[in-house]
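What follows is a set of notes on a single structure, which appears directly below.
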Amino acid sequence: MGRILVIAEKPSVARDIARVLKCTQKGEGCIIGENYTVSWAVGHLVTLCEPEDYDKSLKRWSAESLPIIPENMKLKAIRGSKKQLDILKKLMNDKETDSLICATDSGREGELIFRYIYDYNKCRKPFKRLWISSMTDAAIKEGFDRLKDGSEYDLLYTSAKCRSEADWLVGINATRAFTIKYDALLSIGRVQTPTLAMIVNRQREIDEFVPSKYYEVEADYGSFKGTWNDEKNNTRIDDREKAEQLAEKVRNKDGEITDVTKTAKQTPPPQLYDLTELQRDCNKMYGFSAQKTLDIAQSLYEKRKMITYPRTDSRYLSDDMIPKIKVIMKRLTDADIFAEYAQNVIDMPKLPITKRIVDNKKVTDHHAIIPADNKYRRDSLTPEEKKVFGLVALRFIAVFNPPYKYTSTKITVLCEEERFVSKGSTVTDEGWKKLYREVYKNNRDKEQILPDVKKGDTVHIEEAAVQEKETKPPAPYNEATLLTAMENAGKNTDDEELKEKLKEYGLGTPATRAAIIERLITVGYIHRKGKILVPDEKGKQLISIVPEEMKSPVTTGKWEKGLGSIAKGSMQAEKFMASINRYVVYLVNYAAENAADITIEDKRKRKRSAKVKSLGKCPLCGADVYENTKAYYCGGWKKGCKFTLWKNSLERYGVELTDELISKLMKDGVVKDLPVVKAQTGEKCRAELIYNKEKGILELMDMTVVSDK
């Protein structure tokens with residue numbers, strides 16, 4: 001039997017897999033065992049070719065060359081990744097290697113990473129797929145026991161490939177078309193542009209909002225109060241004089257209780273977390289950005305092995321997880337803060353399993369985010385990791401708790417033919433909310449206790465007061481509310497059939513929404529102001545010049561629906577890509593034929609007049625790299641190059657970006673043996689610094705702790 005090559009997405013994941021497979025011998029870019037060789041990518045190693053790779057003349061941006069629609073999309077190695085790619089090629093084509101195992105992240109993008117490497121290296125050997133939702137040793141072993149044939153994921157790869165090519169076609173053509181038209185670098189994308197449009201439109205609503213005063217009349221009966229309601233249950237009175245007359249009419253008068261309604265109500269526990277819901281809660285409770293929450297969750301999954309796969313869009317478990325529920329609860333009894341609550345669930349004679357928790361039909365690539373079946377070491381977590389793990393663990397316990405129950409009371413009083421309504425509630429069972437109140441020291445929900453009265457009783461209005469109020473503008477977006485808007489984008493369309501079809505799809509995916517927000521900030525379209533997201537002038541200008549189809553979330557929702565249909569086998573990839581090509585032609589023509597009377601200021605344009613020193617060649621396009629006050633950037637930005645290294649990007653690792661460091665990185669593609677500190681623990685380490693072309697960020701690889709001895 002020949003050897004089996006396992007390819008993971010990252011070195012850290014490869015090491016975990018190698019340990020489980022008992023591979024201990026270090027090789028070049030791999031770890032070798034008796035039957036397996038485990039190697040890795042570094043995220044994306046292969047990407048789609050640039051326009052100039054098809055035709056050198058396309059390096060120059062011109063309207064005449066558009067649209068750029070290659071007949072066959074080609075792949076190329078990402079600059080700086082060639083060494084590891086060559087190692088993988090050698091291992092793949094080695095005579096001793098009989099087959100492969102794809103062990104990249106279990107999702108659409110993970111599939112794309114492996115398949116691009118596989119296709120680029122012209123490998124034809126059979127491969128199987130490792131599909132796991134947890135990085136614990138037990139989960140990895142279980143995954144290797146139930147490997148699936150790689151062909152079972154062909155449709156997922158086709159969907160990922162279409163996503164990649166569609167983004168390339170729209171991004172390249174729209175960016176070039178509008179940049180040429182308005183002589184300013186304008187980054188345009190199928191997800192980022194409609195997301196920007198939502199932020200710009202909300203700000204416009206706020207700016208154009210004109211507040212108006214209105215009035216309410218409140219009657220005070222001594223032991224409780226009531227608010228005037230008209231026959232349609234509206235409390236608003238637009239004329240102050242009318243409100244004053246109404247108050248005077250009932251003041252010091254008796255009224256009769258005409259109705260007392262008591263209704264038993266309940267609120268079920270919240271559902272388990274998907275990534276978007278976790279990002280929302282972390283933003284509301286701790287002010288974490290969506291990207292920060294994702295990074296912490298990824299660390300808890302990969303490094304700490306304390307939660308399951310975080311990049312999921314499902315809030316349900318599959319029925320094969322039911323036997324593991326009490327096992328995971330037992331693990332949580334090791335964590336002091338959750339021990340009592342987890343034990344309560346363990347002691348239940350029968351778990352209250354409902355369709356809100358377990359539903360096979362609503363589990364997509366991965367189930368909801370829950371604690372992993374692993375030994376927990378909360379004492380080793382950073383404060384931020386503890387916060388995120390705490391939310392996941394408590395939510396997992398809460399879903400098995402009883403509903404929050406309360407009695408809603410409504411009292412109606414009639415006085416001088418005017419109707420006053422009092423509303424109150426009384427908690428009868430805190431249920432799942434008790435967990436959150438005790439763990440997070442929250443105050444109990446405020447109760448408005450109403451007296452025990454009955455229909456026909458008389459009350460005396462001791463005072464009737466006019467309260468002046470004012471209409472409020474819509475709230476600006478923060479990351480929590482923007483994530484909700486992205487998730488629900490397209491559902492406000494008037495087309496009922498389309499609305500139904502778009503229920504599953506929004507703007508982007510849970511795994512990409514954080515990066516979209518960060519991208520909008522990076523290109524200067526929006527900025528953070530405290531917790532809120534505010535559009536910049538350049539962002540507003542962009543939205544004013546692009547066509548409605550580019551701004552509409554419905555367009556992207558249709559695309560996501562199409563990609564989902566491809567993954568399910570209900571749509572042909574050719575049909576989807578033909579629609580993308582037509583859309584690209586439309587965008588290019590729109591840019592050429594529709595000119596707004598607007599001048600877009602590009603801040604980077606003003607820097608060009610200064611004589612600056614080149615620090616090397618850009619790894620993306622080969623142009624010179626320069627420095628400004630906040631970043632190192634590419635001199636070829638006007639031609640579409642997006643290379644930017646922010647000077648504060650590695651501050652949390654104790655690394656200061658200097659001209660010397662950047663020059664070495666541009667020359668060699670890597671800076672070895674760089675002194676750093678672990679952001680979580682403060683430990684002194686040595687690491688390799690590389691530039692990840694696909695993500696457009698600096699990355700520290702193979703971080704090794706330096707002994708203080």
Next item on the list: With rounding to the nearest 0.5 Å, note down the distance linking OG in Ser134 to NE2 in His366.
Entry: 11.0 Å
Next item on the list: Taking Glu9 for its side chain and Asp105 for its backbone only, find out whether a donor-acceptor pair lies under 3.5 Å.
Entry: yes
Next item on the list: Flag the pair Thr509 / Asp313 as yes when at least one side-chain heavy-atom distance between them is below 4.5 Å, and no otherwise.
Entry: no
Notebook entry, point to check: Taking only residues two or more places apart in sequence, or in another chain, which ones meet Ser39 in a side-chain hydrogen bond (donor to acceptor under 3.5 Å, both in side chains)?
Noted result: Gln84
Note to self: Under the criterion salt bridge (charged side-chain N to carboxylate O under 4.0 Å, His left out), I'd like the reasoning laid out for Asp154 against Arg129: C-alpha separation, chi angles, the key distance, then a yes or no.
What the structure shows: CA-CA 11 Å; Asp154 284 351; Arg129 187 47 156 117; over 6 Å; no
Check: How about Arg146: does its CZ atom have over 12 heavy atoms from other parts shown lying under 6.0 Å from it?
Finding: yes
Next item on the list: Check side-chain hydrogen bond (donor to acceptor under 3.5 Å, both in side chains) between Asn121 and all other residues, then give those that pass, not counting sequence neighbours.
Entry: none
Checklist line | Check against side chain to side chain donor-acceptor pair (under 3.5 Å), Thr104 and Glu111 | finding: CA-CA 7 Å; Thr104 49; Glu111 193 69 23; 5.4 Å; no
Check: Is the shortest side-chain N to carboxylate O distance from Glu660 to Lys664 below 4.0 Å?
Finding: no
Note to self: To check you understand the geometry: which heavy-atom pair defines the closest contact between Leu155 and Ala567, and what is its length?
What the structure shows: CB-O, 3.4 Å
Next item on the list: Using a 4.5 Å cut-off on heavy atoms from C-beta on, say whether the side chain of Ile31 contacts that of Thr24.
Entry: no
Checklist line | Rounded distance [0.5 Å steps], CD1 in Ile68 versus CG in Asp55 | finding: 9.0 Å
Item checked: Test: Arg190 and Glu560 ion pair at under 4.0 Å -> yes
Next item on the list: May I have the step-by-step check of salt bridge (charged side-chain N to carboxylate O under 4.0 Å, His left out) for Lys82 and Asp86, ending in yes or no?
Entry: CA-CA 6 Å; Lys82 194 76 168 63; Asp86 286 343; 2.9 Å; yes
Margin query: Ile117 and side chain to side chain contact (heavy atoms under 4.5 Å, CB included): which single residue from Leu100, Leu75, Leu45 fits?
Written below: Leu45
Check: Between Tyr157 and Tyr153, does the ring centre distance come in under 6.0 Å?
Finding: no
Next item on the list: Please confirm whether Tyr632 and Tyr626 have ring centers closer than 6.0 angstrom.
Entry: no
Check: Out of Lys305, Lys10, Lys303, which residue meets the side chain to side chain donor-acceptor pair (under 3.5 Å) rule with Asp16?
Finding: Lys305
Next item on the list: Kindly indicate, with the supporting measurements, whether the criterion salt bridge (charged side-chain N to carboxylate O under 4.0 Å, His left out) is fulfilled by Asp624 and Lys617.
Entry: CA-CA 5 Å; Asp624 288 321; Lys617 298 298 180 183; 2.8 Å; yes
Margin query: Using a strict threshold of under 4.0 Å (side-chain N to carboxylate O), is an ion pair present between Glu627 and Lys647?
Written below: yes
Note to self: Looking at every non-hydrogen atom in both residues, tell me the closest pair between Ile180 and Ala63 and how far apart they are.
What the structure shows: CD1-N, 3.6 Å
Checklist line | Candidate pair Arg519 and Ser187, rule side chain to side chain donor-acceptor pair (under 3.5 Å), full reasoning | finding: CA-CA 10 Å; Arg519 174 71 181 159; Ser187 175; 3.1 Å; yes
Note to self: Quick check for you: to the nearest 0.5 Å, what is the distance between Asp183 atom CG and Ile600 atom CD1?
What the structure shows: 10.0 Å
Notebook entry, point to check: Does the side chain of Thr644 reach to within under 4.5 Å of the side chain of Trp646, using non-hydrogen atoms?
Noted result: yes
Item checked: Parallel, tilted or perpendicular, as decided by the 30° and 60° cut-offs, for the rings of Tyr182 and Phe178 -> parallel
Item checked: Trp559 and Tyr583 aromatic centres sub-6.0 Å -> yes
Item checked: Evaluation steps, side chain to side chain donor-acceptor pair (under 3.5 Å), between Thr276 and Asp274 -> CA-CA 6 Å; Thr276 302; Asp274 64 2; 4.8 Å; no
Note to self: Closer than 3.5 angstrom, by distance alone: can the side chain of Ser552 be matched with the main-chain N or O of Glu548 as a donor-acceptor pair?
What the structure shows: no
Next item on the list: With sequence neighbours excluded, tell me which residues meet side-chain hydrogen bond (donor to acceptor under 3.5 Å, both in side chains) with Lys76.
Entry: Asp53
Notebook entry, point to check: Out of curiosity, Phe576 CZ to Arg163 CZ, how far, rounded to the nearest 0.5 Å?
Noted result: 10.0 Å
Notebook entry, point to check: Any salt bridge between Arg115 and Asp119, counting N to O under 4.0 Å?
Noted result: no
Check: Do Leu587 and Val585 come within less than 4.5 Å of each other through their side chains, counting heavy atoms only?
Finding: no
Notebook entry, point to check: How long is the span from the CG atom in Leu645 to the CD1 atom in Ile697, to the nearest 0.5 Å?
Noted result: 10.5 Å
Next item on the list: Measure the shortest side-chain to side-chain distance between Leu542 and Ile188 over non-hydrogen atoms and say whether it is less than 4.5 angstrom.
Entry: yes
Notebook entry, point to check: For the atom pair OG (Ser649) and CD (Glu699), what is the distance rounded to the nearest 0.5 Å?
Noted result: 11.5 Å
Margin query: Tell me whether Glu28 at atom CD has more than 12 heavy atoms from other residues, nucleotides or ligands lying less than 6.0 Å away.
Written below: no
Check: Between the side chains of Arg311 and Gln298, is a donor N or O closer than 3.5 angstrom to an acceptor N or O?
Finding: yes
Notebook entry, point to check: What's the verdict on side chain to side chain donor-acceptor pair (under 3.5 Å) for Tyr116 and Ser164, showing C-alpha distance, side-chain angles and the deciding distance?
Noted result: CA-CA 11 Å; Tyr116 270 3; Ser164 176; 3.2 Å; yes
Check: Checking side-chain contact (heavy atoms from CB on, under 4.5 Å) for the pair Ile17/Leu130: CA distance, chi angles, key distance, verdict?
Finding: CA-CA 11 Å; Ile17 292 173; Leu130 175 71; 4.2 Å; yes
Next item on the list: Apply ring pair (Phe, Tyr, Trp, His ring centres under 6.0 Å) to the pair Tyr691 and Phe643, showing each step before the final yes or no.
Entry: CA-CA 10 Å; Tyr691 174 68; Phe643 176 82; 5.0 Å; yes
Notebook entry, point to check: Would you say Thr193 and Thr556 make side-chain contact, with heavy atoms under 4.5 Å?
Noted result: no
Item checked: Shortest non-hydrogen contact from Glu302 toward Ser12 -> OE1-OG, 3.7 Å
Check: More than 12 heavy atoms of other residues, nucleotides or ligands under 6.0 Å from NZ of Lys125: is that the case?
Finding: yes
Check: Any side-chain heavy atom of Cys641 sitting closer than 4.5 Å to one from Cys618?
Finding: yes
